[in-house]
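Worksheet: one structure, shown below.
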Amino acid sequence: MPEGPSIVILRELAQQFVGRKVLHVEGNSKQDIGRLRNRTLRAVRSWGKHFLLEFDDFSVRIHFLLFGSWRINETKAATPRLGLGFSRGDALNFYSCSVRFIEGDLDAAYDWGVDVMSEAWDPARARRTLRAKPDALAADVLLDQDVFAGVGNIIKNEVLHRIRVHPESTIGALPARKLAQLVTEARDYSFDFYRWKQAFQLKKHYQVHTKTTCPRDGTLLSYRKHLGRAQRRAFWCDTCQRRYGTTEASMSVADGAAAG
DNA sequence: TAACATGTTACGGT
DNA sequence: AACCGTAACATGTT
């Protein structure tokens, strides 16, 4: 159930397998996972919520969707979707995830500049892309993996609170400084998420996600279960998060109730 | 305990 | 064509 920062943590934990040969393959994936046997893992990479295992001429792409999980040198009770066995009984096990092969060079398949966790992250390009979407909602663009690969619903809610922008603000109505903040915080909050997750302290740092009152001013937070085109949960403070622009949809829907 | 949710894709209808 | 809504997938948490 990971957003981008969790995938970065997985990538770092999986680094120990780079350069080692896959000795055993198991799993209920419908892909031709048998081809992985006796192949040497060349690199582990990530792009947004994608975890990538790179071999000589192809790579394996793992996407955990909502319920996926992994174990390193351990197993769960369930059958893995894909399990890779290495020497000394070491193993990488992936559960209830999407497994796909990517043929050829990963650099040809992925645009690293849109990955908020990447060294190649390109904020100027993100701002440019957003300027071309004036009618889109702030809550929707943050979840757009073509713009902010790795951002998920938790990061979305926390970023919007941090920059004091209402989730239904329209992008075209944001002052240039706010748009720049949105882009900056998409990355900066993701790195905070990463550090807190590593320390097993992520949830206690939530400001609005799944919360009922605003830590800034004690306002009862607003909650909507299906907000925006993405139809995802939104938590926000009507006192400190300003709504820029207006949409008919937002004004006609009256189901904003207290969270929790 | 039964809902629910850190996500995405496919498909049918408009 | 573009867009929208719904279903499907699958499991740990509350």
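Order of the sequence lines fixes the chain letters, A, B, ..., with proteins taken first and strands second; residue numbering starts at 1 for each chain. The basis for the numbers below is simple: all heavy atoms, side chains too, and nothing from hydrogens, waters or symmetry mates.
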Pick base, sugar-phosphate or nothing for A:Gln145, based on heavy-atom distances below 4.0 Å to the nucleic acid. sugar-phosphate

Separation of B:dG7 P from A:Ile155 CD1 (nearest whole Å): 9 Å

Secondary structure string for DNA chain C (Watson-Crick or G-U under 3.5 angstrom, | for other-strand pairs): .||||||||.||||

Under 4.0 angstrom between A:His63 side-chain N/O and B:dG7 OP1 or OP2: no

DNA chain C: A:Arg229 or A:Tyr95, which has the more 5' nearest nucleotide? A:Arg229

Mind calculating the distance between CG (A:Asn28) and P (C:dC9) to the nearest angstrom? 14 Å

In whole angstroms, how far is the P atom of B:dT6 from the NZ atom of A:Lys156? 8 Å

Checking side-chain polar atoms at under 3.5 Å, does A:Asp238 have a donor or acceptor matched by the opposite partner on A:Ser222? yes

Is there a donor in the side chain of A:Trp112 and an acceptor in the side chain of A:Asp107, or the other way round, less than 3.5 Å apart? yes

Given atom NZ of A:Lys203 and atom P of C:dT14, what is their separation to the nearest angstrom? 4 Å

Starting at the 5' end of DNA chain C, which residue's closest nucleotide do you reach first, A:Thr79 or A:Gln231? A:Gln231

Just checking A:Phe51 against A:Trp70, ring centres under 6.0 Å apart? no

Ion pair present between A:Asp140 and A:Lys133, side-chain N to carboxylate O less than 4.0 angstrom? no

Distance in angstrom units between A:Lys225 NZ and C:dT6 C1', rounded: 14 Å

Checking side-chain polar atoms at under 3.5 Å, does A:Tyr244 have a donor or acceptor matched by the opposite partner on A:Glu168? no

Rounded to the nearest Å, what distance is computed from the CZ atom of residue A:Arg232 to the P atom of nucleotide B:dT9? 13 Å

Short side-chain N/O contact from A:Lys49 to OP1 or OP2 of B:dT6, under 4.0 Å: no

So do A:Leu10 and A:Ile62 actually touch side chain to side chain, heavy atoms under 4.5 Å? no

Say we look at B:dT1 and C:dC9: how far apart would their C1' atoms be, to the nearest angstrom? 22 Å

What is the separation between atom CG on A:Leu66 and atom C1' on B:dT8, rounded to the nearest whole Å? 9 Å

Give the rounded distance in Å between these two atoms: CZ of A:Arg233 and P of C:dT13. 15 Å

Among C:dG12, C:dT14, B:dG7, which nucleotide has an atom closest to any side-chain atom of A:Lys76? C:dG12

Assess the side chains of A:Arg243 and A:Ser169: does a donor N or O sit below 3.5 Å from an acceptor N or O? no

